[in-house]
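Lettering follows sequence order; numbering is per chain, from 1.
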Protein chains: 4
Amino acid sequence: MRKIPKQKRSREMVERLLEATAATLAERGLEDTTTNHIADTAGVSIGSLYQYFPDKEALLDALMERISDKISSSFREHATKLEYVNFDLKTVANYLILYGIDAIKTDPLAQEIINSWNSLPLEKLLDPLEKFFLSMAQPYFVHHYQDYPIQHLEGKLYVLINSTLFTVVRYLQSEPNTTMSERKLAHILSDMIVALLAPQP
Amino acid sequence: MRKIPKQKRSREMVERLLEATAATLAERGLEDTTTNHIADTAGVSIGSLYQYFPDKEALLDALMERISDKISSSFREHATKLEYVNFDLKTVANYLILYGIDAIKTDPLAQEIINSWNSLPLEKLLDPLEKFFLSMAQPYFVHHYQDYPIQHLEGKLYVLINSTLFTVVRYLQSEPNTTMSERKLAHILSDMIVALLAPQP
Amino acid sequence: MRKIPKQKRSREMVERLLEATAATLAERGLEDTTTNHIADTAGVSIGSLYQYFPDKEALLDALMERISDKISSSFREHATKLEYVNFDLKTVANYLILYGIDAIKTDPLAQEIINSWNSLPLEKLLDPLEKFFLSMAQPYFVHHYQDYPIQHLEGKLYVLINSTLFTVVRYLQSEPNTTMSERKLAHILSDMIVALLAPQP
Amino acid sequence: MRKIPKQKRSREMVERLLEATAATLAERGLEDTTTNHIADTAGVSIGSLYQYFPDKEALLDALMERISDKISSSFREHATKLEYVNFDLKTVANYLILYGIDAIKTDPLAQEIINSWNSLPLEKLLDPLEKFFLSMAQPYFVHHYQDYPIQHLEGKLYVLINSTLFTVVRYLQSEPNTTMSERKLAHILSDMIVALLAPQP
DNA sequence: CATGAATGAGTATTCATTCAT
DNA sequence: AATGAATGAATACTCATTCAT
C-alpha cells in the first residue's frame, strides 16, 4: 500500500527530470547543458537527480527513448486518423515523410537533436523507432499484399526505415544549403519505398 | 629551392599528426584522446601540433577529410579495376557495397569512427563522399541510359547514397546483434538502388 | 534558522580563501601564485574556490578591497584613539604618514603588494582608500576651518591623497637605495599637505 | 674598421626592435603582445630578437628607458623654447603639467602604458624621469632663489615629482569617470608645487 | 529520501625561449 | 649572425559525481 504512492512519486520525478532535460537541451543546446542545469530546471536538487539516474548518460538515454515513444505515438495517431490502411503505399509514405519533416522543423528539441546527433546516443532513439515502423508497416502489408513473403519484408523494411530516417536527418542538417525541396525529397523517398517493396507485378 | 624542402617538411608533419590522430583514435577511442596524446604518438611536441592545427577540431576535421579521400580513391581504384562500366547496375552496386563493408571491417580506424560517430564531425566525411559517389555514378548513367533525365538523377542519387551509407553504418554498429547477413544487406541495398534508378521500362 | 549557519559557512569560506590568497601572495609572490596554490593553502578544493569566486581576478579584486578596508579601519581607529581632531594638521598628517609607513613595513602582505603593484589591481585598493581619506579629512576641516570652501577642498584632497599614497609607495619600493629617512619623507609630505590646504592666513 | 658597421647595425637592430615593441604595444595592447609579434613587426626573426635582448623583460625595460628619454627631451625642448627660466614657478609648472597631459593623451603608446602600468616595469620609466626633472628644476632654483637650501630642495623635489607624476597618471586612468577638468588638476598641482617650494617669505 | 556544498581529475591551449641549420 | 621550427612547462577553469547532514 505504501509502494504505490512511492512509485508514483518516483515516476513523476523521472518525468520531471526528463522534461527538464528536454527543455534545457532545447534552450541551451547540448554543449551548454550540465546536470546541474537540468536539476535546476527541474526544480530539484542535483542529489535527487542522481537518485533517479545513475549518470548523465542514463538521463540522455532515457530522454531519447522517451522521444522515440513520442514520435511513435504521434505517427501512430496521425496514421490512424488518416486511415492509412485505405490508401496506397505511395500516398501513405509520402504523407508520413512530409509529416515527419514538419514535426521536426516545428520542435526546437528535435532541431537540437538533429544538430547535435554527434554527441547524442542516437541509437537509443533509432532502435525503437525502427521497431515501431516495422510494426506499423507489417499490418499494412498483411492487408494489401497478403501473400508478401515476410522474411524478405523484414530486411527490406529495415533498410528502408534507416534509409528514410537518415536521409531526412541529413537533409535537415544541411537544409539551408540544399536546393532540393522537401516535397521533392519526400517524393523520391516514397518512390524508393514503393519501388523496393511493391514492384509492379 | 630552399622552400620546397620546407613545404615538404610541413606536409610530413601534417601527415604525421593526422596519422597519430588516427592511431590514437583507433587505440584509445575518441573519449580518451587528448591533443597531448596525439602529439606524443606523433613523437612531436604539443607546441608543434598547435603550429600546424589551430585547435583539436581542425585536426579532427582534417582527419575526416583525409579518410574521405582515402575511401574515395580506394573505391575509384577498385571500380576501375573492375571495369564497372561494363557490368549491369545491380552487379556493380552489390559488389561495391560488399567491398565497402569489408574495407570498414578491416580497418580499425574505420571501426572506431563508426562506433564514435557520436562526437566526430561526420559531415566532413560524408559531404565529400556524397560528391564522390555522385561523380562516380553519373558517367555510368551517361553510358548506360543515355536518355536518363539528369535532374531526377541527382536527387535520386543523393537519396540513394545517403541511404546506403547510413544503412551500412548502422548495420555495422549493431552488427553482432543482427541476424541479417552482409550478403543479404548488400542484396537488398543494391535491389533498392536498381529499383529506384532503373525501373523496368 | 537553517540559513544563518549556511551564510556563516559561506562567509568563512570566503574569508579562508582570501586569507589563503594573501598568504600565498606573501610567500610565493604574485608571479608564482596559481589558483590551485591558493585552494591548497586554504585547504579547500579548487572546485570550491570557483564556487565562491568566478575567476582569479575576482579573488584578487576582493583581496584588494579587503585590504583597503583593513587599512581604513586601522587608520580610523588610530586616528580616533589619537583624538586627531584636537591636533593641528601638521601633527596629524605627520603622525598618520609615519603610522602608515610602519604598518606597511610590518606587514609582509603589504610588502608584496608594494613590490608587485605591477600585476595587481591596485585601483581596487586605491579607489576606496581615496574615498576613505576624503571622508576622514572633511570633518576635520569642518571643525578647524569652518569657512573652508568645500569645492576647492575636494580637488585638493584628491591631489594630496594620491600624492601622499604614491610617494610613500614609491619610497618604500626603492627604499634600500634611498638616502632620505622616513622621518624626513613624512616631514616633507606633511609640509606639503599643510602648505596646500592651510595657507597662512 | 669592421667593428663600426657592426655596431651600427646592432644599434639599428635594437632601434628597430624597440620601435616594433612600441608599435605592437600601442596596437594590440600589452596583454596581446608576444615576442613573436614583436619580431614580426620588426621584420626580423624571433631568433634575432633574442640575439639582442636576453628576454622579454629586457625588451620592455629598454623600451621604458627609451620612452623616458623621449619624454625628457620633449620636455626639455619645450621648456627651453618657452624660456621657462624667465617665468615664475607657478606659470612654468602649470604649463608643463598641461603639456604633459596633452602629450600623453595624444600618444597611443603612452595611453597603453598608463592603462597597463600594472604589468609594466614602470620604475624603469620613472627613475630616470625623476632624475631628469630634478636636473631641470635645480638650475631654475639656482637662478630664482640663489640662497635656497639645496638639501631640502632635493627631498622636496623628489616628493613633488612623484606626487605630480602619479596624480596625473591616476587622473588619466580614471578620467572618463572624473568630474575634475584637466585645467583644474593642473592648477591644483602647480599650486601645490609652489606652496611647498616657494613659501611666501 | 532530499539536499547542495564540496570535490578534483582532467584538458586545451599559450608563448617565451632554444638551437640546429 | 640570422633563421624559425620546435619545444614543453605551466595554468585557469569545468562539471559529473559524491556524501555528510
Side-chain angles (χ1 to χ4, degrees), chain A residues 6 9-10 13 31-40 42-60, chain B residues 2-3 5-6 9-10 12-13 31-40 42-59, chain C residues 2-3 5-7 9-10 12-13 31-40 42-59, chain D residues 5-6 9-10 13 31-40 42-60:
Chain A
K6 242 189 241 171
R9 273 180 99 194
S10 174
M13 185 63 121
E31 197 81 314
D32 197 31
T33 291
T34 72
T35 48
N36 283 283
H37 286 324
I38 294 173
D40 275 4
V44 154
S45 76
I46 180 67
S48 289
L49 185 155
Y50 277 90
Q51 202 99 46
Y52 291 92
F53 292 93
D55 53 28
K56 199 189 184 185
E57 206 193 324
L59 198 52
L60 253 20
Chain B
R2 264 253 194 68
K3 269 185 180 169
K6 243 185 246 170
R9 259 186 140 190
S10 177
E12 270 168 19
M13 184 65 120
E31 196 79 316
D32 195 31
T33 292
T34 72
T35 48
N36 283 282
H37 287 326
I38 294 173
D40 276 1
V44 153
S45 76
I46 180 64
S48 287
L49 187 156
Y50 278 91
Q51 207 121 46
Y52 288 91
F53 293 93
D55 52 28
K56 199 186 182 182
E57 206 193 326
L59 200 51
Chain C
R2 266 252 194 70
K3 271 187 179 168
K6 240 184 251 172
Q7 289 184 0
R9 259 187 141 191
S10 177
E12 270 167 18
M13 184 62 121
E31 196 77 319
D32 195 32
T33 292
T34 73
T35 49
N36 284 285
H37 287 326
I38 294 173
D40 276 1
V44 153
S45 76
I46 180 67
S48 287
L49 186 156
Y50 279 90
Q51 205 121 48
Y52 289 90
F53 292 92
D55 53 27
K56 199 185 181 183
E57 205 193 326
L59 198 52
Chain D
K6 244 189 239 173
R9 271 179 101 192
S10 173
M13 185 64 122
E31 196 80 314
D32 196 32
T33 291
T34 72
T35 48
N36 283 283
H37 286 325
I38 295 172
D40 274 3
V44 155
S45 76
I46 180 66
S48 288
L49 186 156
Y50 278 90
Q51 202 101 45
Y52 290 93
F53 292 93
D55 53 28
K56 198 187 185 184
E57 208 193 323
L59 198 53
L60 253 19

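Closest approach of B:Lys56 to B:Thr34, counting heavy atoms only: NZ-CA, 4.4 Å. Here the closest non-hydrogen pair linking C:Tyr52 and C:Ser10 is CE2-OG, 3.5 Å. Summarising the geometry of D:Asp55 relative to D:Tyr50, their closest heavy-atom pair is CA-CE2, 3.9 Å, with the distance given to 0.1 Å.
Rounding to whole angstrom units, CG of residue C:Leu49 and P of F:dA12 are separated by 10 Å. Atom CD1 in A:Ile38 sits about 16 Å away from atom C1' in E:dG4, given to the nearest Å. Distance C:Gln51 CD to E:dT7 P: 9 Å, rounded to the nearest Å. If you take CG of B:Asp40 and P of F:dG8, they are 10 Å apart, rounded to a whole angstrom.
Contact between the side-chain N/O atoms of B:Ser45 and the OP1/OP2 oxygens of F:dT7 is found at a separation under 4.0 Å. Between B:Tyr52 and F:dA6, a side-chain N or O to OP1/OP2 separation shorter than 4.0 Å is present.
Put simply, OG on C:Ser48 and CD on C:Gln51 are 6.0 Å apart, with the number rounded to the nearest 0.5 Å. One finds the OG1 atom of D:Thr35 at 11.0 Å from the CG atom of D:Leu60 (value rounded to the nearest 0.5 Å). Atoms CG and CD1, from B:Leu49 and B:Ile38 in turn, are 6.5 Å apart once rounded to the nearest 0.5 Å. One finds the CG atom of D:Asp32 at 5.0 Å from the NE2 atom of D:His37 (value rounded to the nearest 0.5 Å).
A residue-by-residue look at A:Met13 and D:Glu31 shows that A:Met13 has its nearest nucleotide of DNA chain E further toward the 5' end. Heavy-atom distances to DNA chain F give each of C:Asp32 and B:Gly43 a nearest nucleotide, and the one nearer the 5′ end belongs to B:Gly43.
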* To do: Go ahead and write out DNA chain E as dot-bracket, 5' to 3': ( ) for pairs within the strand, [ ] for ones crossing earlier pairs, | when the partner sits on another strand, dots for unpaired; Watson-Crick or G-U wobble, both distances under 3.5 Å.
  => .||||||||||||||||||||
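Residue-environment remark: CD (B:Glu31) stays at or below the threshold of 12 foreign heavy atoms within 6.0 Å.
Taking the side chain of C:Ser48 as heavy atoms from C-beta on, and the options E:dC1, E:dA6, E:dT11, the nearest nucleotide is E:dA6.
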* To do: If a protein heavy atom is under 4.0 Å from the base, mark B; if only from the sugar-phosphate, S; if neither, -; do that for nucleotides 16-21 of chain E going 5' to 3'.
  => BBB---
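Nucleic acid contact class of A:Phe53 (heavy atoms, under 4.0 Å, all strands): none.
Between the P atoms of E:dC1 and F:dT21, the separation comes to 22 Å (whole Å).
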